[in-house]
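Structure first, then comments.
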Amino acid sequence: MNPLPPLPALRAFEAVSRLGSVVKAADALSVTHSAISHQIHALEDYLGLPLFERSGRKLALTEDGRNYALQIRMALNDMAEATRTVRARPKPNEIKLTTMPSFGLGWLIPRIPEFQALFPQYRIDIRASLGFDDLHTGQLDLAIRMGAGDWEGLKTQHLLDDYLVVVAAPHYPHLPKTLAELAGLEKLQIIGTLEKWSSWVKEAQLGDWSPTFGLFCNDNNLALTAVRLGQGIALARLSLVLDELVDGRLQLVGNVIAPHPNRYWLVWAPRVDGSAKLHHFMQWITQRAAQSQQQMQAYIDGVYSAE
């Protein structure tokens with residue numbers, strides 16, 4: 001004997017127990033009142049016990065009905081969540097990836113049209129996030145992360161090295177000309193970001209100097225927007241501002257370029273190994289990253305050779 005009653009009967013019972021009315025349950029499920037009543041009676045017959053006490057047109061859950069309603073509601077919620085999880089998984093013609101917001105805006109999005117032109121058969125779905133949960137659960141194919149590349153249970157491939165630079169808008173009124181002038185800036189002129197200054201300060205040989213911030217942004221995109229508006233200087237990743245430095249929309253401050261302590265990585269779960277769509281995307285993005293690496297190195301060489 002199948003121990004599971006029909007799903008329509010369970011849905012009808014859950015709706016009536018939650019809403020307290022056959023009429024409201026029928027409206028919620030878009031069925032007739034008689035259909036709801038029929039499902040409730042069928043369920044009670046199946047279980048061999050009453051789920052409601054009836055007094056005229058009023059219904060009240062029995063003790064068995066209350067306990068059963070709670071468990072059925074939890075089970076239906078679990079079924080709904082399982083269904084959402086399965087439906088949200090990437091399709092064969094869909095590449096779902098997650099990236100840090102700053103890298104997505106400053107590096108990835110400008111280059112994505114090139115991949116789409118090469119592989120029009122794929123739909124690209126980009127999410128801005130910092131965690132890994134959706135890789136483990138299969139909701140995403142791939143992540144781009146910055147760090148040491150040693151995340152448990154996940155596979156990684158080095159994508160890009162980066163550098164730290166101090167930048168300002170050319171029209172910024174307090175633009176420092178030397179490192180000494182930079183170190184003497186008032187705190188209101190320095191915009192703090194998630195990037196740590198220690199590597200840059202060491203490269204600049206500024207001893208124990210540490211900036212104080214008049215404005216702090218927990219997102220690099222916000223900080224760079226403030227810089228572009230001429231509100232101060234900020235530490236930035238070279239990969240995100242290289243084009244603006246080259247064309248003059250931003251200006252390098254201090255002529256010091258320090259290696260970033262972390263690297264960019266492609267990160268994925270072992271279950272997607274061998275996927276053709278992932279192979280196409282990873283091959284393309286690693287080639288574009290190699291080009292960016294060469295462009296950054298050429299810019300660095302130009303800065304130091306001009307001194």
Side-chain angles (χ1 to χ4, degrees), residues 1-101 104 109 121-143 152-154 218-219 267-272 275 277-278:
M1 176 181 176
N2 186 350
L4 294 177
L7 182 59
L10 294 177
R11 293 183 68 225
F13 167 65
E14 189 281 328
V16 174
S17 66
R18 173 168 44 86
L19 299 173
S21 164
V22 170
V23 173
K24 291 179 180 178
D27 290 342
L29 298 179
S30 300
V31 297
T32 64
H33 306 166
S34 61
I36 293 291
S37 296
H38 174 75
Q39 295 289 1
I40 296 298
H41 285 299
L43 183 58
E44 290 178 321
D45 289 342
Y46 182 90
L47 297 172
L49 53 84
L51 297 171
F52 293 96
E53 295 176 349
R54 295 165 174 83
S55 177
R57 302 184 66 178
K58 294 182 179 180
L59 291 178
L61 284 166
T62 64
E63 185 63 26
D64 287 328
R66 278 190 292 271
N67 293 331
Y68 193 51
L70 177 61
Q71 295 179 65
I72 292 302
R73 187 169 299 122
M74 293 172 60
L76 289 175
N77 287 338
D78 288 343
M79 291 169 61
E81 181 58 31
T83 302
R84 281 192 294 269
T85 298
V86 169
R87 293 185 65 186
R89 287 187 173 177
K91 308 300 185 295
N93 66 334
E94 184 178 52
I95 299 174
K96 286 189 175 183
L97 66 137
T98 170
T99 180
M100 299 165 296
I109 289 296
Q121 68 269 34
Y122 297 129
R123 176 181 177 271
I124 309 299
D125 186 337
I126 300 176
R127 312 291 177 90
S129 69
L130 300 175
F132 294 103
D133 288 347
D134 287 342
L135 287 179
H136 289 295
T137 61
Q139 304 304 294
L140 294 170
D141 292 306
L142 186 70
E152 185 177 356
L154 296 170
N218 72 342
D219 181 89
V267 188
W268 67 97
R271 64 174 183 80
V272 301
S275 164
K277 65 179 182 180
L278 265 295

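This chain uses plain numbering: 1 for the first residue, then up along the sequence.
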So [Y] and [X], do their side chains get closer than 4.5 Å, heavy atoms only?
X: Leu97; Y: Ile126; value: yes
X: Ile36; Y: His33; value: no
X: Trp268; Y: Leu154; value: no
X: Gln71; Y: Met74; value: no
X: Pro101; Y: Leu130; value: yes

Using every non-hydrogen atom in the two residues, find where [X] and [Y] come nearest and quote the distance to one decimal.
X: Ile95; Y: Asp141; answer: CA-OD2, 3.5 Å
X: Gln39; Y: Ala12; answer: CB-CB, 3.7 Å
X: Val16; Y: Val22; answer: CG2-CA, 4.3 Å
X: Ala28; Y: Leu19; answer: CB-CD1, 3.9 Å
X: Phe52; Y: Glu44; answer: N-OE2, 3.3 Å
X: Leu43; Y: Pro5; answer: CD1-CB, 3.7 Å

Value rounded to 0.5 Å, distance of [atom1] in [X] from [atom2] in [Y]:
X: Glu94; Y: Lys277; atom1: CD; atom2: NZ; result: 6.5 Å
X: Asp125; Y: Gln139; atom1: CG; atom2: CD; result: 11.0 Å
X: Tyr122; Y: Leu278; atom1: OH; atom2: CG; result: 9.0 Å
X: Arg127; Y: Lys96; atom1: CZ; atom2: NZ; result: 5.0 Å
X: Thr62; Y: Arg54; atom1: OG1; atom2: CZ; result: 9.5 Å

Ser129 side-chain N/O to Thr98 backbone N/O, donor-acceptor pair under 3.5 Å = no
Considering residues at least two apart in sequence or located in another chain, which fulfil the side-chain hydrogen bond (donor to acceptor under 3.5 Å, both in side chains) criterion with Asp45?
-> none
Taking only residues two or more places apart in sequence or in another chain, which ones pass side-chain hydrogen bond (donor to acceptor under 3.5 Å, both in side chains) with Arg73?
-> Glu14, Ser17
May I have the step-by-step check of side chain to side chain contact (heavy atoms under 4.5 Å, CB included) for Leu76 and Leu7, ending in yes or no?
-> CA-CA 9 Å; Leu76 289 175; Leu7 182 59; 3.8 Å; yes
